[in-house]
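Excluded from the calculations below are hydrogen atoms, water molecules and symmetry mates; all remaining heavy atoms, backbone and side chain alike, are included. Convention: sequence-line order gives letters A, B, ...; per-chain numbering from 1.
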Protein chains: 2
Amino acid sequence: MSEIESDAPPPRRPTMKDVAREAGVSTSAVSFALNNRPGVSDATRRRVIRVADRLGWRPSSAARALSGENAGAIGLVLARPADSLGGESFFLQLVSGIQASLAPRDQPLVFQMVEDVQAECELYRRWWAEGRVDGVIVVDPRVSDPRPETLAVLGLPAVVIGGMEAPGNPDAPQLPRRARLSNIWADDSGAMDLIVRHLYALGHRRIGHIAGTPGFAHTARRIASLRAAGRRLGLEQAVSVTTDFTDRQGAKAARRLFSAPAPPTALICDNEVMAVAAVSVAAERGLHIPRDVSVVSWEDSVICHTLHPQLTALVRKADEFGHRAAGELLALLDGGAPRQLQDPLPRLQPRESTGAPPA
Amino acid sequence: MSEIESDAPPPRRPTMKDVAREAGVSTSAVSFALNNRPGVSDATRRRVIRVADRLGWRPSSAARALSGENAGAIGLVLARPADSLGGESFFLQLVSGIQASLAPRDQPLVFQMVEDVQAECELYRRWWAEGRVDGVIVVDPRVSDPRPETLAVLGLPAVVIGGMEAPGNPDAPQLPRRARLSNIWADDSGAMDLIVRHLYALGHRRIGHIAGTPGFAHTARRIASLRAAGRRLGLEQAVSVTTDFTDRQGAKAARRLFSAPAPPTALICDNEVMAVAAVSVAAERGLHIPRDVSVVSWEDSVICHTLHPQLTALVRKADEFGHRAAGELLALLDGGAPRQLQDPLPRLQPRESTGAPPA
DNA sequence: GATCGCCACTAAACCGTGTTAGTAGGCGTC
DNA sequence: GACGCCTACTAACACGGTTTAGTGGCGATC
């Protein structure tokens, strides 16, 4: 191990100047050669590339950002209290999918967690001013969300996922035409229909819904969809209770629903953590699943099929979602036009936690 | 909404030149004023700061990185297949804790997922050459891990968490003295003792261990600790089975252990996902928990206390862990000396899944 | 009253790229 | 053989900061 003991000073990173000196050309020639631009002969280009390779040269992202105006990184901000995403697998899967798009382009993901949406807007402004990211992915859209407009004003390209209203919806916020915002829209209404139809077919007429955080756009959409479906099908009951996505509030909501004079015979839970909490509350009350009450989780994850009874769940692949969103952002950065896309309708995976209601 | 319809071009980010012009001084004076350096009068300093504030000036991170040599960001790489961290809450908590340290300094976290440790080393080299990060946090140390040496050679400051051997251990790799590596060492042996003593006191003499990925250093330490404890206490059985941390392999390992001629009366599972899987396999075999078999989860998370029976778990706060690691890295970046720290011993939270073994 | 020193500030160089303008040299053309 | 054109390259500048080396003005000192 003597070469380790020798304790060499850390190497200096090679620059274009080093490559130029070694190859016997100017730095401009090096720049042309390495960026596949005309202006150098093929022989020189090959020689330069070989030298750069040998020295282990990489473009300084800082220098690139300074001259080229693009940071070579994209941003993701999470504005949820850390404990509210305790057991949720959604975000890790999402990030994993985002990486899948970014990896081939060697674009890192800059990630930060903040307190609330105001702080998030502030962070976007800072990132923009600092030139840290070329674009961002916006998650958890809110009912009246300041972020799209903030991003539009800054001219920072972004993809809003799971969010905003359907194209043509009059409620959709008016944004500057120059705004470079794409939108991957999740069909919460269609998904809710899938679930409700499943439960209706089993015979359920009283459905409870343990929803997510009140201000979230998809929470509002799901609540509205359930009520609409309830009216359409003539359900006796279609009631939603909002929470903060934690097991604690999920359990509290379940207790409240179970304590009603005519409790629901089926529960729809907006994430798997609250679904497990609901199952737990049912057990605590001596209710058998699915004989006494059915439970559906709006999100599939390991525990949904590891647990007994296995949970009927809405399967939407968070990683593919992230993959697509990041791809869309890259397209936007490459000069593509903003688009309004719809995420494919998730699949409902029936398992052991749903069955016919008690007679 | 006419001011939105007016469709203004996106603003240009203000630079020091703008501040200088507005304040009627040179850019050098602005630099001095904003960095609290001598060279300007108090009156000028105040004026410059006020102007910069009014214009919303922020230093370009790229320009800073180019002249100041530091990127103003730290890196985190995860070298695990995405599906292996499906339900684990550890990483999200860890990242959340890291953010807590970084937020006051406005340092973003650069995050990337890769295939394996080789790719991770390659990424470190690239990040170093690109000047993207000032330091990194290394997780999941392996038995013979190439990363510390890679980082040492590059001179990239790093904090290795959960890792390496205890100070003074002869197996610890020899690194260049100039290496700027701190180390937060987890006392897996002490933690294993906590669990084994708990089970021993309940009367268990045959203990099975569903361990993590074979190459991981903490997996090796836990296996060795269990065997040592077994010898010390004169256990009949103390057997470990390695997995890849997924529910699938956890279940497979549980089946294998249960199928032995003299199956263990207690299982220690290296994460909560596998603990749930083990519980599920037990149920599938008609084994009651904890009457027929006890289960301990080496990691606490929402499901551990939402599930029934609630799982006895080792509680180590991943967010505090991350907080501390990031703090240590920042200290290192500020010129502090590398340190060897020990993480506080986790607490064992007895719940419903452990009890006396069958007679 | 000339000299010195200090203060507050400016000019200029630098970091590592990308880009644009400019130039030397070879070749074909009339 | 003078001219123009094309190729292959170099010089110079820009990006937005930091830092070093000046510089002019003013008060104190002998």
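Here the C1' atom of nucleotide dA8(C) and the CZ atom of Arg46(B) are 15 Å apart, to the nearest Å. With rounding to whole Å, Lys17(B) atom NZ is found 15 Å from dT18(D) atom C1'. Atoms CZ (Arg12(B)) and P (dA14(D)) sit 15 Å apart, rounded to a whole Å. To the nearest angstrom, P of dG16(C) lies 16 Å from CZ of Arg132(B). Here the C1' atom of nucleotide dG16(D) and the CD atom of Glu130(A) are 13 Å apart, to the nearest Å. In this structure, the CE atom of Met16(A) is 6 Å from the C1' atom of dT17(C), given to the nearest Å. Between the CZ atom of Arg64(B) and the P atom of dG16(C) there is a distance of 18 Å, rounded to whole Å. Rounded to whole angstrom, the span from the CG atom of Leu66(A) across to the P atom of dC13(D) amounts to 17 Å.
In this structure, the side chain of Asn35(B) does not engage the main chain of Phe32(B) through any donor-acceptor pair within 3.5 Å. Panel note: side chain Arg339(A), backbone Ala337(A); no donor-acceptor pair is recorded below 3.5 Å. Put simply, the side chain of Arg105(B) never gets that close to the backbone of Gly72(B): no donor and acceptor are under 3.5 Å apart. Side chain of Thr150(A) to main chain of Pro146(A): a donor-acceptor pair is present (N/O by atom type, distance under 3.5 Å, no hydrogens or angles). For the pair Arg47(B) (side chain) and Ala23(B) (backbone), a donor-acceptor distance under 3.5 Å is present. A donor-acceptor contact shorter than 3.5 Å is absent between the side chain of Asp53(A) and the backbone of Arg50(A). Using a distance-only test at 3.5 Å, with no hydrogens or angles considered, no donor-acceptor pair links the side chain of Gln112(B) to the main chain of Leu102(A). Using a distance-only test at 3.5 Å, with no hydrogens or angles considered, a donor-acceptor pair links the side chain of Arg13(A) to the main chain of Arg58(A). Looking only at distances, a side-chain donor or acceptor of Ser101(B) sits under 3.5 Å from a matching main-chain atom of His323(B).
The stretch residues 50-58 of chain A has no heavy atom under 4.0 angstrom from DNA chain D at all. Taking a 4.0 Å limit (strictly below) on heavy-atom distances, residues 28-43 of chain B reaches DNA chain C at Ser28(B), Ala29(B), Phe32(B), Gly39(B), Val40(B), Ser41(B).
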task = Quick one: do Glu130(B) and Arg64(A) satisfy salt bridge (charged side-chain N to carboxylate O under 4.0 Å, His left out)? Show the steps, please.
result = CA-CA 9 Å; Glu130(B) 293 179 349; Arg64(A) 273 238 167 116; over 6 Å; no
request  = Test Ser31(B) against Ser28(B) for side-chain hydrogen bond (donor to acceptor under 3.5 Å, both in side chains), laying out the working first.
outcome  = CA-CA 5 Å; Ser31(B) 177; Ser28(B) 335; over 6 Å; no
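Using a 4.0 Å cut-off, no side-chain N or O of Arg13(A) falls inside it from OP1 or OP2 of dC15(C). Note on Ser67(B): every side-chain N or O is 4.0 Å or more away from OP1 and OP2 of dG17(D).
Among the atoms of the strands shown, only primed sugar atoms or phosphate atoms (P, OP1, OP2) are found under 4.0 Å from some heavy atom of Thr44(A). Contacts of Ser60(A) with the nucleic acid, taken as non-hydrogen atoms under 4.0 Å apart, involve only primed sugar atoms and P, OP1 or OP2.
Across its full length, the helix from dG1(C)-dC30(D) to dC30(C)-dG1(D) shows an angle of 70° between the axes of its 5 terminal pairs at either end, rounded to 10 degrees.
Rounded to the nearest 0.5 Å, atoms CE (Met113(B)) and CG (Leu76(B)) are 10.0 Å apart.
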